Amino acid sequence: MIDLSQTGTGLDGYSLLTAQLEALLSGERDFIANAAQFSAFVYHELEGLNWAGFYLVKDDELVLGPFQGKVACVRIAFGRGVCGAAAASRQTQRVEDVHAFAGHIACDSASNSELVVPLIKDGRLIGVLDLDSPRVGRFSEADQRGIEGLAAVLLLASDC
């Protein structure tokens, strides 16, 4: 059992979440297991989310991986939607209003903003981390930096 009360003394915000995530993933190297834990952790620790999960690269497309939230699109082509744009560009996509994003894929009509972080390890695209919110403008630059840092913890803790 992980005692999260012993991590992050004097920390708050994303620094605390980082310390907690490091403790949560400690001792496990399996990427799928860690991605599942990551999804649940982020979904319950960050306010204002209606979906948190992963799309993983398989045969030159993104395929649904571990997630928390409503059912989701299963396959997404590179370059299609926010997730596909992040995969194709290998750049984080922070979208304040998904309805203004050309080619947005509406898996959940309640989603109004989105943050997608490409997962790159040793120069290889593993997949993307996708966070959705029903609130327009939910994700700030600070959120982007914080989530990118949490994604880096996942990649360091996992064999992939």
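Just so we're clear, the structure is a prediction, and the values are computed from it rather than from any experiment.
Taking CZ from R94 and CG from L115, the interatomic distance works out to 7.5 Å, rounded to the nearest 0.5 Å. Taking OH from Y14 and CD from E148, the interatomic distance works out to 10.5 Å, rounded to the nearest 0.5 Å. Taken to the nearest 0.5 Å, the CZ atom of F54 stands 9.0 Å off from the CD1 atom of I32. To the nearest 0.5 angstrom, I120 atom CD1 is 11.5 Å from C160 atom SG. Separating the CZ atom in R138 from the CG atom in D143 is a distance of 4.5 Å, to the nearest 0.5 Å. Distance CD/E22 to CG/L150: 9.0 Å, rounded to 0.5 Å.
Across all their heavy atoms, C83 and I76 have their closest contact at CB-CD1, 4.0 Å. I105 approaches C73 most closely through the heavy-atom pair CG2-SG, 3.6 Å. Closest non-hydrogen pair, L25 versus N34, comes out as CD2-OD1, 3.5 Å. Nearest heavy-atom pair, P118 versus V128, reported as atom, atom and distance to 0.1 Å: CA-CG1, 4.0 Å. Between L119 and A151, the closest heavy-atom pair is CD2-CB, 3.8 Å. When every heavy atom of F31 is checked against every heavy atom of D159, the shortest pair comes out as CB-O, 3.5 Å.
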Determine whether F67 and Y55 satisfy the following criterion, ring-ring contact (aromatic ring centres under 6.0 Å, His included), listing intermediate values before the conclusion. CA-CA 9 Å; F67 72 94; Y55 283 92; 8.3 Å; no

Run the side chain to side chain contact (heavy atoms under 4.5 Å, CB included) check on V153 and F38 step by step: do they pass? CA-CA 10 Å; V153 168; F38 184 105; over 6 Å; no

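Put simply, the side chain of V63 does not reach to within 4.5 Å of the side chain of L56, judged on heavy atoms. Residues F41 and Q20 have side chains in contact (heavy-atom distance under 4.5 Å, counting atoms from C-beta outward). The closest side-chain heavy-atom distance from V57 to F78 is below 4.5 Å.
Checking side-chain atoms of W51 against main-chain N and O of D130 turns up no donor-acceptor pair under 3.5 Å. With hydrogens and angles ignored, the 3.5 Å screen pairs a side-chain donor or acceptor of R90 with a backbone N or O of G123. Judged by distance alone, with hydrogens and angles left aside, the side-chain atoms of N112 form no donor-acceptor pair with the main-chain N or O of V136 at under 3.5 Å. Between the D97 side chain and the S113 main chain, no donor and acceptor come within less than 3.5 Å of each other.
When the side chains of ILVMFWY residues are joined at heavy-atom separations under 4.5 Å, either directly or via intervening members, L62 and L154 end up in two distinct hydrophobic clusters. In this structure, V82 is not a member of the same hydrophobic cluster as I126, with clusters built from ILVMFWY side-chain heavy atoms closer than 4.5 Å. In this structure, L49 is not a member of the same hydrophobic cluster as V98, with clusters built from ILVMFWY side-chain heavy atoms closer than 4.5 Å. By the criterion of side-chain heavy atoms lying less than 4.5 angstrom apart, applied directly or through intervening Ile, Leu, Val, Met, Phe, Trp or Tyr residues, V42 is grouped together with L155 in one hydrophobic cluster. Linking Ile, Leu, Val, Met, Phe, Trp and Tyr whenever their side-chain heavy atoms come within less than 4.5 Å leaves V116 and L131 in two separate clusters.
Screening residues 46-69 for salt bridge (charged side-chain N to carboxylate O under 4.0 Å, His left out) gives E47-R135, E61-R75 as the qualifying pairs, with residues at least two apart or on separate chains.
No side-chain donor-acceptor contact under 3.5 Å links D30 and S158. Checked by atom type, the side-chain pair E114/S133 shows no donor-acceptor distance below 3.5 Å.
Checking V117, T92, L17 one by one against I147, the side chain to side chain contact (heavy atoms under 4.5 Å, CB included) holds for a single residue, V117.
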